[in-house]
Amino acid sequence: MSSSVIAIDGPVASGKSTAARLLATRLNIPYINTGSMYRAIGWKVSRLGLNMEDEAALQKMLEKTEILYTAPAPGENPDIRIDGVFPGQALRALDIANLASKVAMIPFVRAYTLDIQRKTAQSQLVVMEGRDIGTVIFPDAKYKFFITASPRVRAMRRLAQAGETADNATVESVAADIAARDKQDSTRATAPLKQAEDAVLIDTSDLTIDEVIDAMITVIRAKDSAEQ
Ligand code: DC
């Protein structure tokens, strides 16, 4: 039997988080944003001033780390707590995004988050969004999507999100940051970003968010009726 998961993967600023959140709201099911878990770990590394090269210290830190992810009510933001603390918007900062991408390369970090993610989705249908949901976390997810957009559209979207880029950022500098993070995410040895063979590809460059959600719902309904 397949897992009760709508897996949504894709690169930085492809529109996948917005699509995942709104799809979950439309279907009235929980939304799980796995990037926030890597961001929370990156945030703790930064607070403690740990050296990213010191894997022994990172492992020790992780053994004493408790992440609690509460799926948000429809339309609300996810509530992620690390050791009881709610970092909130601090997780969206550019330096934390870059640290998240770095910690996400480390196999023992991924083993830790895999465990949380598999436990978070157990019985009820959920939307889970990240980089490796359809390939590694739930390779047997009932529905899988891979969301992309052109580099320019992605840079413009990221630039429009307050607090997520440097003050003097331009479309070109943001596009370069995005390309660097994509490269790091898709060339790492463990669970790299890639489209699952059975995922449906949606390029959101020329679509409104409502068109993206409609396209996903059409795929979900088609699959449901094929199974009946
Ligand atoms: O989706 P995001 O930008 O919040 O993710 C932050 C970083 O976390 C991203 O650069 C790669 C990493 N990540 C990952 O490796 N696997 C996931 N399932 C989700 C995020």
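Ligands are counted one by one from 1 in listed order, and the atoms in each one are counted from 1 as well. If you're wondering where the values come from, they're calculated on a predicted model, not measured in any experiment.
Atom 12 (C) of ligand 1 has its closest protein heavy atom at Ala104 CB, 3.7 Å. Protein heavy atom closest to atom 16 (N) of ligand 1, with residue, atom name and distance, is Arg110 NH2, 3.0 Å. With respect to atom 19 (C) of ligand 1, the closest heavy atom belonging to the protein is Thr34 OG1, 3.4 Å. Among protein heavy atoms, atom 10 (O) of ligand 1 sits closest to Arg181 NH1, 2.7 Å. Scanning all protein heavy atoms for the shortest distance to atom 13 (N) of ligand 1 gives Tyr38 CD1, 3.6 Å. Nearest protein neighbour of atom 3 (O) of ligand 1, counting heavy atoms only, is Arg39 NH2, 3.0 Å.
At most 12 heavy atoms of other shown residues, nucleotides or ligands fall within 6.0 angstrom of atom CD in Glu66.
When only interatomic distances are considered, the shortest N/O to N/O separation between Arg131 and ligand 1 falls below 3.5 Å. Checked by distance only, ligand 1 and Asp185 come closer than 3.5 Å through their nitrogen or oxygen atoms.
Under the 3.5 Å distance criterion, the side-chain polar atoms of Lys223 are matched with a main-chain donor or acceptor of Lys142. With hydrogens and angles ignored, the 3.5 Å screen pairs a side-chain donor or acceptor of Gln195 with a backbone N or O of Ala199. At least one donor-acceptor pair closer than 3.5 Å links the side chain of Arg118 to the backbone N or O of Ile137. No donor-acceptor distance shorter than 3.5 angstrom exists from the side chain of Ser173 to the backbone of Ala169, with no hydrogens or angles considered.
Of all atoms in ligand 1, numbered sequentially from 1 with element shown, those under 4.0 Å from a heavy atom of Lys16 are 1 (O). Atoms of ligand 1 found under 4.0 Å from any heavy atom of Ser101, numbered from 1 in the order shown, are 10 (O). For ligand 1, the atoms sitting less than 4.0 Å from at least one non-hydrogen atom of Gly35 are 4 (O), 5 (O), 19 (C), 20 (C), numbered in the order shown with element in parentheses.
Ligand 1 is approached by Arg188 to a heavy-atom distance shorter than 4.0 Å. Residue contacts with ligand 1: Gln184 is excluded, as none of its non-hydrogen atoms falls under 4.0 Å. Judged by the shortest distance from any of its heavy atoms, Asp132 lies inside the 4.0 Å radius around the atoms of ligand 1.
Two residues are said to be in side-chain contact when any heavy atoms from C-beta on lie closer than 4.5 Å; Met216 and Ile8 meet this criterion. Taking 4.5 Å as the limit, every side-chain heavy atom of Ile80 sits out of range of all side-chain heavy atoms of Phe86. Residues Val103 and Arg39 are not in side-chain contact: their nearest non-hydrogen atoms beyond the backbone lie 4.5 Å or more apart.
The only member of Lys194, Arg158, Arg154, Arg131 that meets salt bridge (Lys or Arg N to Asp or Glu O under 4.0 Å) when paired with Asp182 is Arg154.
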